[in-house]
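Just below is one structure, and these are the notes that go with it.
So you know, we letter chains A, B, ... as the sequences are listed, proteins then strands, and number each from 1. Computed over heavy atoms, backbone and side chain alike; hydrogens, waters and symmetry mates excluded.
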Amino acid sequence: MSAHCENGVTANLLRFHGIELSEPMIFGIGSGLFFSYMPFIKMNGIPVTSFRPLPGAIFKRVTKRLGIDVEVKRFRNEKTSMDELDKLIEKGIPAGMVVGVYDLSYFPPAYRFRFNAHNIIAVGKNNDTYYISDPIMEKIEPLKYEDLLKTRFAKGTYKPKGKMYYINNVPESYDINTAIVKGIKHTCKDMLTIPVPYFGLKGITTLAKHVKKWPQKLGERKAKLYLGQVVRMQEEIGTGGAGFRFLYAAFLQEASGIMNSPELNDISEQMTQVGDLWREFGVAAGRIFKDRHSGEHPYDEVSQLLLKIKNEEEKTFINLNKIVKKL
Amino acid sequence: MKKEEVPQYDENLLNGIKEIQYAVDEEGNYTEVKSPGWEPKNSALKQAINLVDEIIEDARQQVLEGKKSPVFFYMHLKQMDLKILKEESGFLKFSIKRHFKPMVFKKLPDRVLLKYTNVFGITKDQLFNIPKEPVKALEYNFSFKMKEQN
């Protein structure tokens with residue numbers, strides 16, 4: 001079990017091939033921390049906010065940074081995709097797959113939306129039933145051939161198109177320190193320097209500015225839905241809480257030990273405080289959905305809180321960026 | 001977040017499983033703690049679930065009032081939109097929009113109706129007789145009920 005599906009799947013695939021890395025380590029090396037707020041892209045009429053990079057990014061970055069040889073395949077033909085999977089299972093090679101969750105029969109029903117970026121591993125097969133290792137489930141789950149096929153070719157936004165990925169070969173040794181440094185540098189760059197106001201820290205500022213205007217612009221009901229969507233993404237299954245900030249703090253702490261850098265542990269503590277602020281934002285937003293807020297301008301308050309988060313996060317990443325250059 | 005602060009607010013939204021949160025222990029070391037839910041997070045999810053139900057109820061009313069055909073209702077009940085329904089059925093968006101018209105729907109050949117019953121996973125009888133009472137998507141589609149707290 002793990003907090004985030006792509007981390008979890010990547011960690012499990014590596015473990016099978018003898019590389020033992022924790023989930024926070026995978027997350028950090030794979031530069032899994034991010035922020036984007038894209039008011040111009042809407043899903044079900046609500047702007048997209050995300051605390052992670054595009055699906056597939058973590059697996060790709062981690063394996064590249066550790067020098068691991070991987071295969072990533074997409075399919076036009078449904079039957080071919082299942083035949084290829086069966087061949088791998090026969091050889092005893094676990095295969096990661098991107099799936100939609102709506103038709104995932106064992107998944108918690110309250111989470112079965114038409115969401116197409118979940119990751120699972122097929123570890124075995126018996127007649128028409130596949131055995132699935134799903135990072136959010138506590139044990140191996142059975143899944144029927146038709147259901148697996150349906151989830152692999154789920155329709156709608158970001159179609160998985162049967163996407164399957166697995167490890168061909170792992171090197172005899174790898175340099176974890178270099179991989180950690182690369183992972184941190186990438187995240188600092190993503191958070192601090194993308195020159196568009198929708199990504200990284202600039203994205204948080206834009207969100208803060210927009211939140212303030214939501215009640216007048218959209219009306220109370222829709223403003224609540226917009227705000228609810230931000231909290232859902234922040235606390236989505238697999239974030240480990242606070243939009244991955246705690247998971248990242250756990251990574252920095254572990255990295256501090258490996259690299260023998262006490263400064264990284266200081267940054268980990270700062271990141272934990274940032275995470276606590278995101279939780280505070282969640283609580284304040286929660287009071288708005290439940291009409292339990294006390295102040296007169298609750299949306300101004302959450303907007304202020306977001307700006308505070310942005311400032312604290314900025315300090316943390318600027319410090320981290322300085323430290324990582326010396327490592 | 002400290003270990004003991006990891007929320008344990010259970011409304012059965014995870015259907016019995018727990019998810020992992022990362023929190024610090026007494027020595028300041030990160031550790032994994034399981035959590036069945038957190039109030040603000042649950043509220044946000046329930047808000048999204050209620051929105052789906054509202055959209056379905058609105059569609060149901062439109063069918064009852066004779067403004068739309070049952071295809072429109074079942075599309076929403078199965079949390080589809082025109083794009084998904086187009087891809088699932090193989091019909092053009094233009095044709096599906098026509099099938100939303102009660103007059104057109106009445107005259108649809110069996111071949112077309114069969115396609116819709118397959119895509120929605122329902123019987124022909126269900127397709128022609130939409131539920132008489134409001135439905136909750138989670139209960140109808142997955143026989144799932146949430147636990148009520150407070």
Side-chain angles (χ1 to χ4, degrees), chain A residues 1-4 8 23-24 44 46 102 105 107-114 135-138 154-157 159 224-225 227-242 246-251 253-254 265 268-269 272 275-276 279 281-287 289-290, chain B residues 1-2 5-7 11-24 28-52 54-55 78-81 83-89 119 121 137-139 141-147 150:
Chain A
M1 241 189 123
S2 58
H4 181 41
E23 194 201 350
N44 304 317
I46 302 174
Y102 188 83
S105 51
F107 214 63
Y111 285 85
R112 286 174 69 176
F113 288 91
R114 300 241 174 227
I136 82 139
M137 304 306 286
E138 285 163 334
K155 307 295 194 290
T157 311
K159 282 185 265 300
K224 278 187 197 174
L225 286 171
L227 191 61
Q229 182 67 11
V230 178
V231 176
R232 267 180 75 207
M233 292 301 108
Q234 175 191 322
E235 298 296 327
E236 195 189 4
I237 289 191
T239 56
F246 296 134
L247 192 54
Y248 202 70
F251 156 69
Q253 187 173 68
E254 201 180 328
N265 200 41
S268 167
E269 280 171 22
T272 303
D276 288 336
R279 299 283 283 193
F281 165 76
V283 171
R287 280 197 212 110
F289 325 138
K290 290 203 149 186
Chain B
M1 186 166 53
K2 296 207 176 74
E5 289 167 356
V6 174
E11 291 178 284
N12 198 31
L13 289 175
L14 282 164
N15 201 22
I17 62 165
K18 288 182 177 185
E19 65 168 302
I20 288 174
Q21 300 268 298
Y22 281 82
V24 286
N29 293 322
Y30 263 96
T31 173
E32 294 180 3
V33 184
K34 288 186 176 182
S35 163
W38 183 40
E39 194 181 357
K41 170 198 167 112
N42 291 10
S43 301
L45 177 59
K46 286 193 290 184
Q47 197 187 25
I49 292 169
N50 290 338
L51 177 66
V52 169
E54 279 170 28
I55 291 168
K78 298 294 171 179
Q79 292 183 37
M80 294 179 181
D81 54 18
K83 183 170 180 259
I84 298 177
L85 186 51
K86 171 197 148 207
E87 287 165 356
E88 290 276 0
S89 66
V119 166
L138 286 177
E139 267 181 67
N141 293 326
F142 312 128
S143 317
F144 179 78
K145 270 190 178 176
M146 277 183 278
K147 224 191 260 178
N150 302 337

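Most heavy-atom pairs under 4.5 Å with chain B: of the set Ala284(A), Pro24(A), Gly286(A), this distinction falls to Pro24(A). Among Val24(B), Leu13(B), Leu85(B), Val6(B), the residue with the largest count of heavy-atom pairs under 4.5 Å with chain A is Leu13(B). When each of Ser143(B), Pro40(B), Ala48(B) is checked for heavy-atom pairs under 4.5 Å with chain A, Pro40(B) comes out on top. When each of Ala154(A), Ala242(A), Gly228(A), Ser105(A) is checked for heavy-atom pairs under 4.5 Å with chain B, Gly228(A) comes out on top. When each of Gln47(B), Glu5(B), Met80(B), Glu88(B) is checked for heavy-atom pairs under 4.5 Å with chain A, Gln47(B) comes out on top.
Residues Glu23(A) and Tyr22(B) form a side-chain contact, since some pair of their non-hydrogen atoms from C-beta on lies under 4.5 Å apart. Taking the side chain as every heavy atom from C-beta outward, Lys46(B) and Phe289(A) never approach each other to under 4.5 Å.
The main-chain N or O of Glu235(A) is found under 3.5 Å from a side-chain atom of Lys41(B) such that the two form a donor-acceptor pair. Proximity of a side-chain donor or acceptor of Arg114(A) to a complementary backbone N or O of Lys78(B) within less than 3.5 Å is detected. No side-chain donor-acceptor contact under 3.5 Å links Glu19(B) to the backbone of Gly240(A). Lys83(B) places a side-chain N or O within donor-acceptor distance of the main-chain N or O of Gly156(A), the cut-off being under 3.5 Å.
Shortest non-hydrogen contact noted between Gly28(B) and Gln253(A) is O-NE2, 2.7 Å. Closest approach of Trp38(B) to Gly282(A), counting heavy atoms only: CH2-CA, 4.2 Å.
Here the straight-line distance linking atom CD of Gln21(B) with atom CZ of Phe246(A) works out to 8.0 Å at 0.5 Å rounding. Interatomic distance, Leu247(A) CG to Ile20(B) CD1, rounded to the nearest 0.5 Å: 10.0 Å. Taking OG of Ser89(B) as the start and NZ of Lys155(A) as the end, the distance is 10.0 Å to the nearest 0.5 Å. Atoms OH and CG, on Tyr111(A) and Asn15(B) in that order, are 11.0 Å from each other to the nearest 0.5 Å. Here the straight-line distance linking atom CG of Leu14(B) with atom CZ of Phe107(A) works out to 9.0 Å at 0.5 Å rounding. With rounding to the nearest 0.5 Å, the separation of CG in Leu51(B) from CG in Leu225(A) is 5.0 Å.
For chain B, no part of Ala285(A) is nearby; none of its heavy atoms comes within less than 4.5 Å. Contacts between Asn29(B) and chain A at a heavy-atom distance below 4.5 Å involve backbone atoms as well as side-chain atoms. Both the backbone and the side chain of Ala249(A) have a heavy atom closer than 4.5 Å to some heavy atom of chain B. Heavy atoms closer than 4.5 Å to chain A are found in the side chain of Leu138(B), but not in its backbone. Heavy atoms closer than 4.5 Å to chain A are found in both the backbone and the side chain of Leu45(B). Only the side chain of Lys159(A) has a heavy atom closer than 4.5 Å to any heavy atom of chain B. Contacts between Val52(B) and chain A at a heavy-atom distance below 4.5 Å involve the side chain alone, from C-beta outward. Within the 4.5 angstrom heavy-atom criterion, no atom of Glu139(B) approaches chain A. For Arg287(A), no part lies near chain B; criterion is any non-hydrogen pair under 4.5 Å.
Phe142(B) has its ring centre less than 6.0 Å from the ring centre of Tyr102(A).
If you check the side chains of Tyr30(B) and Ser268(A), you find no donor sitting under 3.5 Å from an acceptor.
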Is there a side chain to side chain contact (heavy atoms under 4.5 Å, CB included) between Met1(B) and Thr272(A)? Walk through the geometry before answering.
CA-CA 7 Å; Met1(B) 186 166 53; Thr272(A) 303; 5.8 Å; no
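In this structure, Lys34(B) pairs ionically with Glu138(A), as a charged nitrogen and a carboxylate oxygen lie closer than 4.0 Å.
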